*Asks:* 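Below is the structure I would like to discuss, written out as structure tokens.
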2 protein chains.
Amino acid sequence: MQTFALFFYIFVDIFDLINRMTKKQATIQDIAKALNISISTVSRAMSDHPKIKKSTKDQIWDMAKKLNYQPNTIAASLRKGKANTVGMIVPRVNRHFFSNVITGVESVLNPAGYNLIICQSEESIEKEKININTLIASRVSGILISLSLETTKYDHIKRAIKMGIPVVLYDRVCDELDVCKVENDDFSGSYDLTRHLIEQGYRKMMWIGGSRKFNTYTNRYQGYRKALSEIGLEADNMPIFEGSISLETSYDYFKTFIENEQLPEVIFSASDYMAMGAILALQEKGLRIPDDIAISGYSNEPFAALINPKLTSVEQFSKEMGQETARLLLAQIQSGNPNNVSTKTMIRPRLIVRDSTQNKNPDPTPPTND
Amino acid sequence: MQTFALFFYIFVDIFDLINRMTKKQATIQDIAKALNISISTVSRAMSDHPKIKKSTKDQIWDMAKKLNYQPNTIAASLRKGKANTVGMIVPRVNRHFFSNVITGVESVLNPAGYNLIICQSEESIEKEKININTLIASRVSGILISLSLETTKYDHIKRAIKMGIPVVLYDRVCDELDVCKVENDDFSGSYDLTRHLIEQGYRKMMWIGGSRKFNTYTNRYQGYRKALSEIGLEADNMPIFEGSISLETSYDYFKTFIENEQLPEVIFSASDYMAMGAILALQEKGLRIPDDIAISGYSNEPFAALINPKLTSVEQFSKEMGQETARLLLAQIQSGNPNNVSTKTMIRPRLIVRDSTQNKNPDPTPPTND
DNA sequence: TTGTAAGCGTTATCAG
DNA sequence: CTGATAACGCTTACAA
């Protein structure tokens, strides 16, 4: 018994030694050889094939452990013609919104056995093209993409679609591609928010946001415009500031705006960051929010609930968007007939009313409508 | 001429047709066949091998374009025994700090021709093990990992190391693994911050932070302790609150703390979120910051500069950490002798002094030391 | 229940 | 400068 144990010990060690010396990883061949069985049996055992005897399976699994076997998905992918990998193109990962979409995507893709390759376009169409090529070259099972701000031609994406790779667009979509899309319902979010402002009694409004050549901001503007038009106000005749979506841009703008222009009752900011810039500029001039001027944001950035006053904003459910996007992709992959349908899913955002839009001295006139 | 053009047109179309019908992607074989040359020549041309005539290369590239050829990196990886992919394990992507590390990593890995597979451990050692297995199975060229909070055993990581996969630890490291590590110099960051508080004249301090069983918080505590001991104060004798690192925990704690305990002059919070929770609780009770009580944070979250008062904090240079981590990994990969060195890189953080620690009525006693 | 053998698309070695 | 050919590690008909 003693001897046997010793023998066994040496036996194990030899395998380990061989592993180390050759620096080569064990394959199913090694297992097959060691057990004097066929490699296909090993392959089947590794995927827990029902037609393999339990006892042989156990043998194989033991040996696998002994040899420190790690399956090689690359070989499997090559053989199967596709990888259990999906590619996700994101403008930037270090944005609250997008990193939450990623979390959502992973939460459905991982349990389904897929890995995520994340690529950043950094808002550049050139990078986006490179990303697409990389993903095609990696033979991913599908591609999730939110378009870069620069992207106005879609040949690179069409190429992927033509190759039979399922594609789902999320957040930043376009009409030209005939695939599944998951969007934020910016129109509704904006409309609801504007209704809230109206109900608070505000009438003299001002729009600030990113350039309306981007869908996001057009849609938000349209929602704002619609709500106003319903009570007989014309958004286009009220002040508008379009600029790059950053705290600084808006801060600088309001520094001078305050000096030269008459302030509205409320600022509708289509971006929390721009709202923040405005707030800093206004507060520096001694203006109280919302008493002297109210303001709302959009996106519900983490800081919105933390600043003073707490910022009214719109929650976008980024994680849910990721989940829905991933689910659609999985459906495409599993259908075996990718890109055969082109759906359009709207994620309905939710208005979060906070202190920054609480009218202390509401206009006596109620909304004329509804 | 007319005829030729027509012929050519049909010719192209046939290829396209075949591509579509078979849904099979063109390979170098197809190119070779179409051009009546050998597949090895095509392979060489695709990697721009110097010994291939310019004219044949051009032919090949043309045909590649015509056939809509996309290289198959899976096949290449299998043949070469490794993928041009590196794996990155991150506790959570939707954290400001980590998503910036990712950005940094990508900024050096992509130009070097590597792709990133990002996995989230979600602070679970089980997930971390699965992630490691996935990455090994994908035959990544290297692994970057920040340990989950649960991780106290490292067999899974050792396995990767033993298989010859270069591993670099970042942010959350451990002594037991003999690999390259990139850490935040929490001790120094905390020390510098405490010195600043001392210089502001604060003496009655309070420590709040995450559990000190985690390196991060021990180190920060030690820096704090050291600075205090230098002026003859004993940190251990001052109030301490350890809890989960969230706004809510700290908010709840201070709601009752204010009622029952005597407030310190300044709260040293080892987390911006906990600082924020405290601020909300204190301000709700009508306390003015920093006039009635000062407070500092750590990590320089985006909101730190936006709240009122602006929060003194410590900037961690997460992007730079990512870049350094990636550089170290690349060096390991290229050395061909992975995990042969084990370095320890400290990223020195920077103190950002803001309003929340401006002492309006400084203690007349200057620091006794330095 | 297990084995045989072909092949996935590359690259690398050797030979012209 | 180019070609033939053997892997790389796995899956999967088809056979037994």
Side-chain angles (χ1 to χ4, degrees), chain A residues 19 22-60 63-64 67-85 113 136-141 163-164, chain B residues 19 22-60 63-64 67-85 113 136-141 163-164:
Chain A
N19 273 342
T22 61
K23 264 281 163 65
K24 289 220 14 178
Q25 300 170 356
T27 70
I28 51 173
Q29 301 220 37
D30 300 328
I31 300 179
K33 217 167 287 169
L35 253 31
N36 234 307
I37 54 175
S38 88
I39 134 180
S40 38
T41 305
V42 179
S43 170
R44 288 192 261 257
M46 293 319 291
S47 44
D48 207 1
H49 190 107
K51 298 217 164 168
I52 300 290
K53 231 192 305 174
K54 179 78 171 58
S55 63
T56 38
K57 270 186 195 169
D58 285 339
Q59 265 191 84
I60 290 171
M63 184 53 74
L67 295 179
N68 192 22
Y69 169 75
Q70 295 291 140
N72 184 330
T73 38
I74 298 193
S77 300
L78 177 60
R79 176 60 233 254
K80 292 195 282 195
K82 60 163 50 182
N84 59 333
T85 301
I136 292 177
S138 303
R139 295 297 186 271
V140 290
S141 304
M163 295 186 78
Chain B
N19 273 342
T22 61
K23 262 281 162 69
K24 289 221 10 176
Q25 299 171 357
T27 71
I28 51 172
Q29 301 219 37
D30 300 329
I31 300 179
K33 216 166 287 170
L35 253 31
N36 234 306
I37 53 176
S38 87
I39 138 180
S40 29
T41 304
V42 178
S43 171
R44 287 193 263 257
M46 293 319 289
S47 45
D48 207 359
H49 190 106
K51 295 213 167 171
I52 301 290
K53 230 192 307 174
K54 180 77 169 59
S55 62
T56 38
K57 271 185 193 167
D58 285 340
Q59 263 190 85
I60 291 170
M63 185 52 75
L67 295 178
N68 193 22
Y69 168 76
Q70 295 290 140
N72 184 331
T73 37
I74 298 194
S77 300
L78 176 60
R79 179 58 237 251
K80 292 194 282 195
K82 60 161 51 180
N84 58 335
T85 300
I136 292 178
S138 303
R139 296 297 186 272
V140 291
S141 304
M163 296 187 77

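Worth saying up front: this structure is predicted, and the values here are computed from it rather than measured. Naming convention: chains lettered A, B, ... in sequence-line order (proteins, then strands); numbering from 1 in each chain. Side chains are part of it too, since the values below use all heavy atoms of this structure and drop only hydrogens, waters and symmetry mates.
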*Asks:* Tell me the closest heavy-atom pair linking A:K57 and A:A45, and the distance in Å.
*Replies:*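 Nearest heavy atoms, A:K57 then A:A45: CG-CB, 4.1 Å.
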*Asks:* Side-chain contact test, heavy atoms from C-beta onward, threshold under 4.5 Å: evaluate it for B:Q59 versus B:T56 and give yes or no.
*Replies:* yes
*Asks:* Could you tell me the separation between the NE2 atom of B:H49 and the P atom of C:dT13, rounded to a whole number of Å?
*Replies:*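 After rounding, the reported distance stands at 12 Å.
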*Asks:* Measure the distance from NZ on B:K33 to P on D:dG3 and round it to the nearest whole Å.
*Replies:*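 That distance rounds to 15 Å.
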*Asks:* Looking at B:S38 and D:dA4, is any side-chain donor or acceptor paired with a base atom of the opposite kind under 3.5 Å?
*Replies:*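 Looking at the base of D:dA4, it does not pair with any donor or acceptor on the side chain of B:S38 (distance under 3.5 Å).
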*Asks:* Does the side chain of A:L35 reach to within under 4.5 Å of the side chain of A:T41, using non-hydrogen atoms?
*Replies:*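 No, side chains not in contact.
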*Asks:* From C:dT10, C:dA12, C:dT2, pick the nucleotide closest to the side chain of B:S40?
*Replies:*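 Of the options given, the side chain of B:S40 lies nearest C:dA12.
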*Asks:* What's the closest nucleotide to the B:R44 side chain, out of D:dT2, C:dT1, C:dG3?
*Replies:*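 Nucleotide nearest to B:R44's side chain: D:dT2.
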*Asks:* A:I136 CD1 to C:dG9 C1': how many Å, rounded?
*Replies:*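 It is 16 Å, rounded to the nearest whole Å.
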*Asks:* Between P on C:dT1 and CG on A:L35, what's the gap in Å once rounded to a whole number?
*Replies:* 18 Å
*Asks:* Which heavy atom of A:L67 sits nearest a heavy atom of A:A26, and at what distance?
*Replies:*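 So the two residues come closest at O-CB, 3.6 Å.
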*Asks:* Please report, rounded to the nearest Å, how far the P atom of C:dA6 is from the CD atom of A:Q29.
*Replies:* 15 Å
*Asks:* Whole Å only: how far is the NZ atom of A:K54 from the P atom of C:dT1?
*Replies:* 13 Å
*Asks:* Considering every strand and a 4.0 Å limit on heavy-atom distances, what is the contact class for A:T27: base, sugar-phosphate, or nothing?
*Replies:*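 Touches sugar-phosphate only.
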*Asks:* C:dG7 P sits how many Å from A:I39 CD1, rounded?
*Replies:* 16 Å
*Asks:* Mind running a 4.0 Å heavy-atom check of residues 71-85 of chain B against DNA chain D and sending the residues that fall below it, in number order?
*Replies:* B:L78, B:R79
*Asks:* Can you find an N or O donor on one side and an acceptor on the other, under 3.5 Å apart, linking the side chain of B:R139 with the base of D:dG9?
*Replies:*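 Donor-acceptor pair under 3.5 Å: no.
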*Asks:* Within this structure, what is the NZ-to-C1' distance between A:K51 and D:dA15, rounded to whole angstrom?
*Replies:* 14 Å
*Asks:* Any idea which heavy atoms bring B:S38 and B:A32 closest together, and the distance?
*Replies:*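 Closest approach of B:S38 to B:A32, heavy atoms only: C-CB, 3.9 Å.
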*Asks:* Quick one: pull up OG1 in A:T85 and CD1 in B:I74 and give me the separation to the nearest 0.5 Å.
*Replies:* 7.0 Å
*Asks:* With a 3.5 Å distance limit and no angle check, can you tell me whether B:D30 reaches the backbone of B:T27 through a side-chain donor-acceptor pair?
*Replies:* yes
*Asks:* For A:A83 and A:S138, which heavy atoms make the closest approach, and how far apart are they?
*Replies:*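 Here A:A83 and A:S138 meet closest at CB-O, 4.0 Å.
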*Asks:* Identify the heavy atoms of A:Q25 and B:R139 that sit nearest to each other, and give their distance.
*Replies:* OE1-NE, 2.7 Å
*Asks:* Take the C1' atoms of the five end pairs on each side of the helix from C:dT1-D:dA16 to C:dG16-D:dC1, derive the two axes, and give their angle rounded to 10 degrees.
*Replies:*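 Taking the rotation axis at each end, their angle is 30°.
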